[in-house]
Amino acid sequence: MIDFYKTSAVEIAKNVKSGEWKAVDIAQTYLDRINDKNKSLNAFIRIYDDVIESAQAIDDKRNNGKPLGNLAGVPIGIKDNMCEKNRLTTACSKILSGYKPPYNATVIDKIEQQDGLIIGKTNMDEFAMGSSNETSFYGAVNNPFDTDRIPGGSSGGSAVAVSAGLTPLSLGSDTGGSIRQPAALCGVLGMKPTYGRVSRYGLMAYSSSLDQIGPFARYSEDAALLLNSIAGYDNKDSSSVDIEKPDYLENKITSLKGKKIGIVRSFMDEGLSTEIKTTIENNVIDVLKSLGAEIIEVELPHSKFGIAAYYLVATAEASSNLGRYDGIHYGFRSENINDLESIYVNSRSEGFGPEVIRRILLGTFSLSAGYYEEYYNKATKVRRLILNDYISAFKNVDAILTPTSPTCAFKKGEKSSNPIEMYLSDIYTVCNNLSGLPGISFNCGFSKEGLPIGAQFTGNVFEENELLQLVNIFEKNSSHHLTTPNI
Amino acid sequence: MEFEATIGLEVHCQLGTNTKLFCGCTTLFAQEPNSQTCPVCLGHPGTLPVLNKKVFEYAVKAGLAIGCDIQKFSKFDRKNYYYPDLPKAYQITQFDKPFALKGGIEINIKGNKRVVKLERIQIEEDAGKLIHTADGSLVDLNRAGTPLIEIVSDPDMSTSEEAYQYLVNLKKILKYNEVSDCEMQEGSLRCDANISVKPIGQKELGTKVEVKNLNSFRYVQAAIDYEIVRQIQDIQNGNKISQETRLWDVDNGVTEPMRSKEGAHDYRFFPEPDLPPLILTDKEIEKIKSTVAEPPLKRKERFISELKLSEYDASILTEEKPIADYFENALKEFNKPKEIANWISNDISSYLNEKKIGIDQFPVSIENMTSLWKLIDDGTINKKIAKEKVFPLLVESNKNPSEIIESEGLAGKNDSDEIRKWVEEAMAKNQKAVDDLKNGKDKAKGSIVGMVMKASKGLANPQIVNKIIDDIINS
Ligand SMILES: [Zn+2]
């Protein structure tokens, strides 16, 4: 039997479409591998027991002469914060234990329309709040390159699932770096599309003005394949944008002649591990130059306020978004109740983990009377300034290259007692969310300890295609992305 | 010391769209609990609001009808608080940038016309409701997400009579423009009153008390009167008025402090990130403006000045827009305003009341109704017969009245010879009346006319009957 799990999603879809391969065989290969490896990784928290039936339905559809969609038979893992009708979806929080949504997120419908095979839910930081995947109610996720280390977060499970070959594709959500940072730490590709490119309908909101769903993949073509299916306007999401969407699999470039790539000096200095710095300089910048790209320095002067602005906006919105988990309507309700107030207080105190409570309290404070102007409103103004920085930069460059994370995967527990240090994990990623711009993280090498190192391209608004093309040409001229963990 | 009161009103009005503000659920009244819900209005995780454009259109129309400055830029905000009838734990409303500012409602107190000024109108979603039972409380979210506008007046009134008129006229405008059915019993129109008192002439306002649970305009009036007296007495007794929310106790006719931590709320308003700002162009505003109805008070004045109707008739005709419309449409066919007004306020109204329907459901077409009036006018039929015999058949069948008259043999008798025969027969039978008449006792005529009408089954033309009696007596 073919080692399907090393095969690209593009290849799987093509062969299932043509009938060369059976969706059932592919599903079984991945299920076997998940059975074998997931226990030590904890990437998937739920695998559906009807995966084989669903795969059979795809094969049957083809046998009945019906054409299959673009994700035909491709196994896909879904972060536990995207609603699937009648399937447990809990954002890895106790407060949503037992919760089965009555509806599908738009991305789920779109994947099913393209005959993708959703196999289960992946682990994550509780309500996507975390950079190490240590806050999950279902336990931490282990980095496949070193299981004593964290995979990054909050979409740690989705990153590990692809990194360890448990699935060729997965979906994550990115509020301040939650796709790109774990992608970097697990040696895979992760993309946060432009805000409004992918519908948020059915994504359990953390910070509504920052959240965006995106793909994890080993290969840029696979990310393009999944983005093709999930991107586009959705009339159920007023923040989704109604503009033409390109075919992300088309128009691949073969040279970087005439391309201008920006680098941000301040991002390459203080706070960045020297190993990551030299890896990006030697492995990425040199390759880009050799392919004809011009490297230009750009400045993002307001990016230094990014983390501060991010934690004001995200926690403020979260404090409101998470109010609905009140023990009344669905999910967990404390048994220790005697009146309405105790339902609220005890259900929330017992149902939320400490990091979620911390962020709700931060957000509640910054929105409270008298502080709104000073905090939330000021942060909103900073967002505008950060976007203006990017707008000026993109007058001179086609994309901006930065590190994804200031460090490689760190040891579990290493930063959990120091939230500020943990928050700084997102220092290179939050500005994309604050400005709405797309970002892609890709593997560009390994540390001496054998840990993956990620680099990030940031593109102009709705320039996802540009980013995918850049990573695609980089893949063709390097082999870092082919290195898989020994598990 | 003399005191004066300051009153401001907050009116919540349900807009009459078929569906909710941010989802496609229907907004019917009195349905099975939670039957008009979906993941969005149930506040399920991951759901997002999508603005019902019709709501915005209705709201803008209401704002224009009230004379507000419609804002080309406005936005939604979240008002965060916990209550079981609020499944998202926030209400989507408009905080610092509502869609309409200023405007006013005309009132007329004993001939003194003035405009009560408005502060703002905002769009917001309604909450659900709790049903308290012996076994505990239940939540019904059918109302959750129902579109409302909140109309906030300035503290620009000083008597309960002004407040009452403000409400009556506001409701009339909203109903006239068909943006709301304004059914208070169904909660489509709700009112809170803010009341304070201060010594006459003092500039700064007294401490404001908010009164809720005012389910009719009469309760608003009573509660205001009660509060004014209570507050003045409290001050005169040396007490301080506390800023609080009170409830109107219908049974005892008093206000009582509401037992809750209402005042301690910090709603943590911030811009709703799931909805884009509301942008309007001049063109869009103009388009909606063209659909705004003529203000009811203007219409009434026009009926009085142009059509020479009495104040009373004009009031009745302009009470509801469909009636005024019916009247004016009928007028195009039959140009006798006073006659039509009489028919509408008597015969037609009685029929509508009896059937408990509105004039929009009145079965007789304008064409048939005006034909009947024309037939009365040209003497083809007696008015009495028309009212008593033809009208009941007309509302049953909406047939052409000429057909009814013919098939029922109800045409008036105008043949002088025939009528003279009836008159002579009547006089022969009632010599006393004839003598009285000859002696100038005009009252005696009635009994002869009565006999003629009886003999003719009511069909003899009364004018001709009278004329023939006079001719005979005077000859
Ligand atoms: Zn609904």
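Below, chain A is the first sequence line, B the second, and so on; all start at residue 1.
A search for salt bridge (Lys or Arg N to Asp or Glu O under 4.0 Å) contacts involving B/E244 returns B/R246, not counting sequence neighbours. Annotation: ring-ring contact (aromatic ring centres under 6.0 Å, His included) contacts of A/F352 (sequence neighbours excluded): A/F127.
Proximity to chain A involves both the backbone and the side chain of B/F270, based on heavy atoms less than 4.5 angstrom apart. For B/N80, the part lying under 4.5 angstrom from a heavy atom of chain A is the side chain only. Interface residue A/T364: backbone and side-chain heavy atoms are both found under 4.5 Å from chain B. Neither the backbone nor the side chain of A/A105 has a heavy atom closer than 4.5 Å to any heavy atom of chain B. Proximity to chain A is limited to the backbone of B/F269, based on heavy atoms less than 4.5 angstrom apart. Contact annotation for A/L210: neither backbone nor side-chain heavy atoms come within less than 4.5 Å of a heavy atom of chain B.
Highest contact tally toward chain B, considering only A/I328, A/N321, A/D326, is held by A/N321 [criterion: heavy-atom pairs under 4.5 Å]. Among B/A89, B/P39, B/P271, B/P84, the residue making the largest number of heavy-atom pairs under 4.5 Å with chain A is B/P84.
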Might you work through the side chain to side chain donor-acceptor pair (under 3.5 Å) test for A/S158 and A/K79, ending with a clear yes or no?
CA-CA 6 Å; A/S158 289; A/K79 190 177 181 180; over 6 Å; no
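Taking both residues in full, the closest heavy atoms of A/F332 and A/S97 are given as CB-OG, 3.8 Å, listed atom of the first, atom of the second, then distance.
The pair B/R143-B/D85 does not count as a salt bridge, with every side-chain nitrogen at least 4.0 angstrom from each carboxylate oxygen. Here B/K212 pairs with B/D192 in a salt bridge; the nearest charged N to carboxylate O distance falls below 4.0 Å. Between B/K283 and B/E286 there is no salt bridge, since no side-chain nitrogen of the basic residue lies less than 4.0 Å from a carboxylate oxygen of the acidic one.
Screening residues 79-106 of chain A for ring-ring contact (aromatic ring centres under 6.0 Å, His included), with sequence neighbours left out, gives A/Y99-A/Y330, A/Y99-B/H44, A/Y103-A/Y201.
Of residues 11-38 of chain B, not one residue has a non-hydrogen atom less than 4.5 Å from any non-hydrogen atom of chain A.
Between A/M124 atom CE and A/S154 atom OG the span is 5.5 Å, to the nearest 0.5 Å.
Partner of B/S74 under the side-chain hydrogen bond (donor to acceptor under 3.5 Å, both in side chains) criterion, chosen from B/K97, B/Q122, B/Q94: B/Q94.
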